[in-house]
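Let me begin by presenting the structure, written as structure tokens, before commenting on it.
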Amino acid sequence: MEGLMLIHTSVRKLRPVFPERREDAMSEKMADARRPKPDIARTPERDECDFATILSHGSTLRADGLIVDISPMGCCIRSSHEVNKYDRVRILLPVIGDSKATVAWALRGVFGCAFETPIDQATYSRMLAAIKTGRDDWSNR
């Protein structure tokens, strides 16, 4: 084996350039995993429905929407109209009329709203009865 020369190379273990940042990030993730998760159950429960409504968004825009569930605190609406989280809208509801709400979340044509003023139980019962029977009861406007 003439002319063959062995070259010894050493292998060194590479360290991250900023190990303290990596360790901080890992300890934050572990701390998040240990934190108790909030109860994500909705309070109060929502009533499923299928009620066509009109939304007002901005100063002049009016759009069609379909309320798919509702509670005294808010509702979920399906609409082709684009809204963003924290947008303020008005929703036309039977018995109540225009109800002001804030968009809590929005995802591809479906969004959830929190009413600015929760609906009292007696009014909510009347409104829900009008929605479920399909009767457009706008008597309280």
Side-chain angles (χ1 to χ4, degrees), residues 1 3-141:
M1 291 203 197
L4 185 61
M5 183 192 241
L6 290 175
I7 301 175
H8 182 324
T9 60
S10 65
V11 177
R12 28 180 214 155
K13 191 172 180 181
L14 298 176
R15 292 187 344 241
V17 178
F18 302 106
E20 64 282 350
R21 288 186 188 166
R22 181 169 182 253
E23 289 170 8
D24 288 346
M26 291 303 289
S27 63
E28 284 178 29
K29 285 182 184 178
M30 290 177 71
D32 283 344
R34 285 189 209 112
R35 280 191 197 109
K37 302 292 183 228
D39 183 15
I40 58 172
R42 291 188 219 166
T43 305
E45 287 297 313
R46 293 184 179 233
D47 294 292
E48 290 184 14
C49 58
D50 188 22
F51 183 76
T53 188
I54 298 172
L55 310 168
S56 298
H57 181 216
S59 58
T60 57
L61 181 66
R62 294 179 70 79
D64 292 331
L66 182 70
I67 299 175
V68 295
D69 69 32
I70 193 163
S71 80
M73 305 299 286
C75 64
C76 178
I77 298 175
R78 191 172 288 143
S79 177
S80 60
H81 177 65
E82 191 78 25
V83 295
N84 297 306
K85 187 174 181 178
Y86 306 119
D87 282 356
R88 297 184 72 198
V89 295
R90 286 189 340 238
I91 304 161
L92 189 58
L93 297 172
V95 178
I96 297 168
D98 272 339
S99 181
K100 294 178 183 176
T102 301
V103 176
W105 59 270
L107 180 65
R108 292 185 222 123
V110 180
F111 57 95
C113 293
F115 298 132
E116 286 184 8
T117 305
I119 304 168
D120 68 83
Q121 194 56 50
T123 305
Y124 181 75
S125 296
R126 287 181 39 225
M127 180 199 64
L128 195 58
I131 287 173
K132 298 254 181 193
T133 60
R135 225 179 59 239
D136 289 340
D137 181 359
W138 306 107
S139 60
N140 225 20
R141 286 201 293 172

### Query
Where do Glu116 and Arg90 land on the side chain to side chain contact (heavy atoms under 4.5 Å, CB included) test, with the steps shown first?
CA-CA 10 Å; Glu116 286 184 8; Arg90 286 189 340 238; over 6 Å; no
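- The shortest non-hydrogen separation linking Phe51 to Leu92 is CE2-O, 4.2 Å.
- Taking SG of Cys75 as the reference point, atom CD1 of Ile91 lies at 4.0 Å (rounded to 0.5 Å).
- For the atom pair Asp50 CG and Arg78 CZ, the distance stands at 8.5 Å (nearest 0.5 Å).
- Panel note: side chain Ser79, backbone Asp64; a donor-acceptor pair is recorded below 3.5 Å.
- A donor-acceptor pair shorter than 3.5 Å cannot be found between the side chains of Arg88 and Thr102.
- Residue Ile70 holds its CD1 atom at 6.0 Å from SG of Cys49, rounded to the nearest 0.5 Å.
- The two residues Cys113 and Arg46 come nearest to each other via the heavy atoms O-NH2, 4.4 Å.
- Going from atom CG of Leu55 over to atom NE2 of His81 covers 7.0 Å, rounded to the nearest 0.5 Å.
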### Query
Going through the distances and angles, do Ser71 and Phe115 end up as a side chain to side chain contact (heavy atoms under 4.5 Å, CB included)?
CA-CA 9 Å; Ser71 80; Phe115 298 132; 5.9 Å; no
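- The nearest pair of heavy atoms linking Met127 to Pro94 is CG-O, 3.2 Å.
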### Task
Please lay out, stage by stage, how Trp105 and Val110 fare under the test side chain to side chain contact (heavy atoms under 4.5 Å, CB included).
CA-CA 9 Å; Trp105 59 270; Val110 180; 3.6 Å; yes
#### Entry: Residues Leu93, Ile67; criterion side chain to side chain contact (heavy atoms under 4.5 Å, CB included); working and verdict
CA-CA 10 Å; Leu93 297 172; Ile67 299 175; 3.4 Å; yes
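- The environment of CD in Glu82 is sparse: at most 12 heavy-atom neighbours from other residues, nucleotides or ligands sit within 6.0 Å.
- Under the 3.5 Å distance criterion, the side-chain polar atoms of Asp120 are matched with a main-chain donor or acceptor of Thr123.
- Taking NZ from Lys132 and CG from Asp47, the interatomic distance works out to 5.0 Å, rounded to the nearest 0.5 Å.
- Going from atom CD of Gln121 over to atom CG of Leu128 covers 9.0 Å, rounded to the nearest 0.5 Å.
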